[in-house]
Every structure is written in C-alpha cells, then in structure tokens.
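Working notes for the structure below.
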Number of protein chains: 2
Amino acid sequence: MFFSKSFGYALRSILYVVMVNETQPRVQIQEVAERLQIPKHFLGKIMKMLAKEKIIDSAKGPFGGFFVNDGTVSTPLLRLMELTDGLEQFQECSLRLKKCNADKPCPMHNRIVQNRNELITMFSSTTIGDLIRSDDKKFINSI
Amino acid sequence: MFFSKSFGYALRSILYVVMVNETQPRVQIQEVAERLQIPKHFLGKIMKMLAKEKIIDSAKGPFGGFFVNDGTVSTPLLRLMELTDGLEQFQECSLRLKKCNADKPCPMHNRIVQNRNELITMFSSTTIGDLIRSDDKKFINSI
DNA sequence: TGATAAAAGGATGCGGACATCTTTTATGGT
DNA sequence: ACCATAAAAGATGTCCGCATCCTTTTATCA
C-alpha cells in the first residue's frame with residue numbers, strides 16, 4: 001500500500017548517496033543497484049530524473065557518478081512524492097468521485113480526510129536529512 | 001491514492017443496493033451501472049464476486065437481480081478491502097523492504113505505522129450500515 | 001587523439017488492473 | 001415445453017507501472 005516502487009527506489013537511492021558521499025565523492029548506478037537490490041536500468045531512469053530535477057547532481061565520464069548538492073538533504077519527502085507519484089492522489093476523493101468535496105462529502109470523505117492530512121503534514125515536514133538523523137549509522141543496513 | 005477502482009465500485013454498488021432495497025426487492029446490474037456511472041461488465045464481475053462471498057445475494061432470471069442479506073449492512077469495510085485489494089498492503093513495509101519490522105525499522109517505518117494503524121482501525125470498525133446512517137437521504141447523490 | 005568510463009536517452013517487452021464483448025446457465029411467466 | 005430475462009462465466013483487449021536492453025553523449029586520462 002501507498003507508494004510506488006519508484007518512490008521507494010528514489011528515496012532509498014538518495015539516502016544511500018547522501019550516506020556514501022560522506023566518505024566518497026561520487027557514487028555510481030552500478031553500486032547503488034547492487035547494494036540496494038534495485039534493477040539497474042530502472043534505477044538509471046529514476047536517478048537521471050532526480051538529477052534533472054536537481055535533487056542530486058551527476059557527472060558523466062570516468063570517475064563520474066551521482067553526488068549530493070546543497071539542496072539534497074533539505075528536500076522534503078513531499079517533493080519526492082510529487083516527482084515519482086504525483087500529488088493528485090492526496091487531493092482526489094478516495095472513491096474517485098469528481099463531485100466529492102468538504103461541502104458535499106461522499107460517505108468516506110470525513111473518515112479519510114483527517115488521516116490523509118496527517119500524512120501530508122508528515123511528508124511536508126520531513127526531509128531526507130531528517131530520515132538520516134533519525135537513525136544510527138547502521139542505518140544503511142535498513143535501506 | 002489508496003484504494004483500487006474495484007474497491008470504490010464495490011462499496012458504492014453495495015450502498016446503492018442497500019438503499020434501493022428499502023423500496024424495491026431486486027436491483028439489476030444495468031441500473032446500478034447507469035446510476036453510479038460504472039462500466040457495466042466490469043461491475044458485473046465485482047457484484048458476482050460480492051455475491052459469491054455472501055456480502056450480498058443474487059438471483060438469476062426474470063425479476064432477478066441483487067439484494068441485501070442478513071449480513072450486508074454489518075459488513076466491515078476491512079472485509080471489502082480484503083476482497084478487492086487484499087490486506088497485505090496494510091502489513092508490508094511502505095518501502096517494500098522484506099526485512100523491515102518494528103525491531104529493525106526502515107527510516108520510514110515509525111513515521112508511517114501510526115497513521116496506517118489509524119486507518120486499519122477505521123476500516124475495521126466502520127460497516128456498510130455506518131456509512132448509510134452517517135448521511136441524510138440525499139446521500140445517494142454522493143455515490 | 002584515441003581508449004575508456006559512466007550517465008543520458010530511446011526502443012521494446014511483460015504483467016496486472018481495468019474494461020469490453022460474447023456465451024452459458026438458471027428462473028419465472030406463458 | 002418454450003421463451004424472455006438476468007446473472008454467471010469466459011475470452012479478449014487496453015493501458016500503465018515496472019523492467020530490460022541497446023545506443024548516444026559527455027568527460028577523463030594516457
């Protein structure tokens with residue numbers, strides 16, 4: 001439930017790059033894919049997108065790879081979600097009724113909206129950096 | 001976000017059958033599909049499944065159709081979710097990590113688990129009947 | 001300047017959710 | 001017995017998330 005594989009892959013690969021960059025200037029797709037058990041070519045697409053969107057930086061050629069930039073650790077999870085899954089899912093009616101809204105709620109609306117808002121708040125206020133600080137350094141074994 | 005189309009179709013069609021059954025002994029797929037704007041043949045599969053699982057009853061032939069049974073209104077939403085989407089989604093790690101659990105949580109685990117449990121509680125404790133009582137009788141315009 | 005390394009980009013394939021259409025089976029009315 | 005009706009069942013089709021593979025571009029170094 002909840003998030004696409006792309007979101008999970010994106011989040012975990014960013015976390016990995018941030019961690020490894022503390023001791024190593026570049027990280028290559030190959031390494032990330034092997035370490036995190038993510039299909040290499042698919043991960044390539046995702047990390048390329050993350051670089052294009054300036055969540056991380058990249059360099060081609062020998063000794064190239066991916067690395068953090070000034071904004072990486074302060075990226076909110078909601079921004080990641082926007083890039084991988086889109087934010088519409090947070091807005092639209094859980095029964096996908098076009099007409100459902102706070103004034104004319106469907107039977108599920110008021111049972112869902114609070115829970116959903118809590119999730120949005122968490123995604124807005126939590127950053128990549130928060131996730132890393134949240135855990136000890138054996139952390140890398142859990143991504 | 002969150003629920004399959006099948007879940008929405010199933011829930012709405014059950015609500016419709018319960019409502020209409022107050023004044024009419026049988027409801028046909030054709031009517032449900034038109035009224036709720038659901039693809040007819042796809043709805044047929046879903047309602048057939050609901051009948052097989054005894055959430056509602058059905059009768060073939062002239063004057064046949066679908067109708068409520070003794071258990072219909074007391075069906076918890078979680079049971080519906082189980083039938084349409086499965087319950088695994090509520091259990092598995094939001095990053096889909098096999099090893100993630102309360103003892104060795106991934107960075108997202110503790111940020112998700114409470115929110116998710118609230119959702120499970122709501123789905124367990126809310127029944128079809130609750131959804132109908134929750135609204136006034138213009139309700140049918142919102143499904 | 002040529003060889004090599006690594007990301008960027010494009011083409012293709014697969015499986016499952018969603019959707020459509022046709023055939024079969026059961027049932028009540030004549 | 002026969003016919004009309006409506007659900008059950010099955011065959012087929014579409015689209016998208018996910019995945020794989022191949023080619024191109026860019027950078028580094030000898």
Side-chain angles (χ1 to χ4, degrees), chain A residues 1-14 17 20 24-34 36-69 81 83-86 88-89 95-96, chain B residues 1-14 17 20 24-34 36-69 81 83-86 88-89 95-96:
Chain A
M1 182 157 194
F2 292 175
F3 320 134
S4 69
K5 285 196 175 184
S6 291
F7 174 79
Y9 292 164
L11 176 58
R12 292 167 61 212
S13 61
I14 296 172
V17 171
V20 172
Q24 174 183 333
R26 304 284 163 90
V27 191
Q28 284 139 31
I29 289 178
Q30 179 76 22
E31 177 183 338
V32 180
E34 281 176 7
L36 305 187
Q37 299 263 71
I38 300 173
K40 187 170 75 173
H41 296 98
F42 191 48
L43 180 61
K45 287 191 179 180
I46 292 171
M47 296 188 76
K48 167 181 67 178
M49 179 274 290
L50 293 173
K52 182 186 252 184
E53 298 289 342
K54 302 291 182 196
I55 308 297
I56 53 179
D57 281 356
S58 67
K60 291 184 178 182
F63 300 91
F66 293 88
F67 50 101
V68 301
N69 63 33
M81 178 64 62
L83 295 174
T84 57
D85 300 39
E88 311 76 27
Q89 45 174 343
L95 299 180
R96 309 189 198 207
Chain B
M1 181 154 192
F2 291 173
F3 318 135
S4 70
K5 284 196 176 185
S6 291
F7 174 80
Y9 291 164
L11 176 57
R12 292 167 60 212
S13 63
I14 296 171
V17 170
V20 171
Q24 176 183 329
R26 302 286 164 90
V27 192
Q28 285 139 31
I29 289 178
Q30 179 75 22
E31 177 183 338
V32 180
E34 281 176 8
L36 304 188
Q37 300 263 72
I38 299 173
K40 187 172 74 173
H41 296 97
F42 190 49
L43 180 61
K45 288 191 178 180
I46 292 170
M47 295 188 76
K48 167 182 67 179
M49 180 273 291
L50 294 174
K52 182 185 255 183
E53 299 289 342
K54 303 291 182 193
I55 308 297
I56 53 179
D57 281 356
S58 67
K60 290 183 177 182
F63 301 92
F66 293 88
F67 51 101
V68 301
N69 62 35
M81 177 65 61
L83 295 174
T84 56
D85 300 39
E88 310 77 26
Q89 45 175 345
L95 299 180
R96 309 188 199 208

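All values derive from a computational prediction rather than experimental measurement. Just so it is clear, the values below take in all heavy atoms, side chains as well, and ignore hydrogens, waters and symmetry mates.
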To the nearest 0.5 Å, atom CG of L95(B) lies from atom CZ of F7(A) at 7.0 Å
When rounded to the nearest 0.5 angstrom, what distance separates NZ in K52(B) from OG in S58(B)?
-> 11.5 Å
Partners meeting side chain to side chain contact (heavy atoms under 4.5 Å, CB included) with Q30(B) (sequence neighbours left out) = E34(B), K40(B)
Which atom of L43(A) lies closest to which atom of I38(A), heavy atoms considered = CB-CG2, 3.8 Å
Pull out every residue in residues 42-50 of chain A that has a heavy atom closer than 4.0 Å to any atom of DNA chain C, ordered by number, or say none.
-> K45(A), K48(A)
Ignoring hydrogens and geometry, is there a side-chain-to-backbone donor-acceptor pair from N69(A) to K54(A) under 3.5 Å?
-> yes
V32(B) and S13(B): which non-hydrogen atoms are nearest, and at how many Å?
-> CG1-CB, 3.8 Å
Assign F7(A) to base, sugar-phosphate, or nothing according to its heavy-atom contacts below 4.0 angstrom with the strands shown.
-> nothing
What's the spacing between L11(A) CG and I55(A) CD1 if we round to 0.5 Å?
-> 11.5 Å
Provide a list of protein-nucleic acid N or O atom pairs under 3.5 angstrom, restricted to nucleotides 2-5 of chain D.
residue: dT5(D); atom: O2; partner: P62(B); partner atom: N; Å: 3.3

What heavy-atom pair brings F67(B) and P25(B) nearest, and what distance separates the two atoms?
-> CB-O, 3.3 Å
Would you say dA6(D) has OP1 or OP2 under 4.0 Å from some side-chain N or O of S58(B)?
-> no
Terminal axis angle for the helix from dT1(C)-dA30(D) to dT30(C)-dA1(D), five pairs an end, nearest 10 degrees | 10°
Over how many whole Å does the gap from I38(A) atom CD1 to dG17(D) atom C1' extend?
-> 16 Å
For the side chain of H41(A), counting heavy atoms from C-beta on, which of dA8(D), dT20(D), dC18(D) is nearest?
-> dT20(D)
Closest approach of L36(B) to R12(B) (non-hydrogen atoms, all atoms of both residues) = O-NH2, 2.6 Å
For Y9(A), ring pair (Phe, Tyr, Trp, His ring centres under 6.0 Å) partners two or more places apart | F42(A)
With a 4.0 Å cut-off (strictly under) to non-hydrogen atoms of chain A, the first and last hit nts on DNA chain C, 5' to 3', are dT4(C) to dA11(C)
Whole angstrom value for the distance that separates C1' of dT26(D) from CZ of R26(A) | 13 Å
Heavy-atom closest pair, residues R26(B) and G64(B) | CB-O, 3.6 Å
What's the CD1-C1' distance between I29(A) and dT20(D), to the nearest Å?
-> 14 Å
Between D85(B) and E88(B), the two heavy atoms sitting closest are O-OE1, 4.0 Å
Test applied, side chain to side chain contact (heavy atoms under 4.5 Å, CB included); reference residue, L50(B); option that passes from I14(B), V17(B), D57(B) = I14(B)
